Structures are given as structure tokens and as C-alpha cells.
Amino acid sequence: MKSLPPASALETVAVRLRGKIQGVGYRHAAVREGHLIGVRGWVQALPEGDIIAVVQGTPEQVDKMLEWMRRGPPAARVIDFESEVEYTGRRFDRFEQL
């Protein structure tokens, strides 16, 4: 397992997505992409159809993951994307689906 970078090198971003994103494998694809990029955190579907996530990693890793999340897997259609830097001392071990 890769060691985590020092806390000063980590960025944490909260994300909320709307669109055609449930029933298209978005969360599963996000976990796979998150593992490839090396980010940590989680992704979760909400009952109203939105998806929320917390992405943590180096600024470069977070930027790559957010870029992917704006598009999602091929069948997804993201119509609204909100992200906000989150200041937290929590460090995640992996990227997972909740």
C-alpha cells in the first residue's frame, strides 16, 4: 500500500452532482477511476438522485478526479457540478462507495 503524503500536501474537496448519474454505473466507475488516480474518500448516491463525494489527495490527483467526475462514465450526463474545498484533519485510507 502506498503511504499517504504529508497532511500539508493533501487537498480535500466535497462534490455534489446532478443529472443522469444514477443507474449508469457512475459510483462504481468513480471508485475504479479513484483507485487509478490514487485519490481517497468516498462517493454516495442520495435518494433524490444526486451523487455526493469527498475526494482527497494531492492537488494534481484531486484535479484529475474532479475532471473525470464532471464527465463520468459514457452513459452519464452530468448537468450540475458543485465542488468546495473542505478543511478537515480527517485522512481517508481509500476511495470507496458508501
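The structure displayed is predicted, hence computed values, not measured ones.
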Would Glu60 and Lys64 count as a side-chain contact (heavy atoms from CB on, under 4.5 Å) here? Give the steps. CA-CA 6 Å; Glu60 294 81 16; Lys64 279 179 135 175; 5.8 Å; no

side-chain contact (heavy atoms from CB on, under 4.5 Å) between Leu98 and Val43, worked out: CA-CA 6 Å; Leu98 300 183; Val43 61; over 6 Å; no

Start with the C-alpha distance between Val55 and Thr12, add both sets of side-chain angles, then the distance that settles side-chain contact (heavy atoms from CB on, under 4.5 Å), and finish with yes or no. CA-CA 6 Å; Val55 178; Thr12 305; over 6 Å; no

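Centroid-to-centroid, the aromatic rings of Tyr26 and Trp68 come within less than 6.0 Å.
Atom CH2 of residue Trp42 and atom CZ of residue Phe92 lie 7.5 Å apart, to the nearest 0.5 angstrom. Separating the CD atom in Gln56 from the CZ atom in Arg91 is a distance of 7.0 Å, to the nearest 0.5 Å. Atom-to-atom distance recorded for Glu96:CD and Gln44:CD is 10.5 Å, nearest 0.5 angstrom. Between the CZ atom of Arg90 and the CG atom of Leu10 there is a distance of 13.0 Å, given to the nearest 0.5 Å. If you take CD1 on Ile51 and CD1 on Ile21, they are separated by 4.0 Å, rounding to the nearest 0.5 Å. If you take CZ on Arg71 and CD on Glu33, they are separated by 8.0 Å, rounding to the nearest 0.5 Å.
Residues Gln61 and Met65 are not in side-chain contact: their nearest non-hydrogen atoms beyond the backbone lie 4.5 Å or more apart. At least one side-chain heavy atom of Val13 sits under 4.5 Å from a side-chain heavy atom of Glu11. You'll find the side chain of Leu66 reaches within 4.5 Å of the side chain of Val15, heavy atoms only.
The minimum heavy-atom distance linking Ala75 with Lys20 is given by the pair O-NZ, 3.7 Å. Residues Val78 and Arg70 share a closest heavy-atom pair of CB-O, 3.3 Å.
Remark: the backbone N or O of Val24 is not paired with any side-chain donor or acceptor of Arg27 at under 3.5 angstrom.
Salt bridge Arg18/Glu82: present, at least one basic N to carboxylate O contact under 4.0 Å. A salt bridge links Glu48 to Arg16: at least one charged side-chain nitrogen sits closer than 4.0 Å to a carboxylate oxygen.
Exactly one residue among Ile37, Leu36, Val54, Val39 makes a side-chain contact (heavy atoms from CB on, under 4.5 Å) with Phe95. That residue is Val39.
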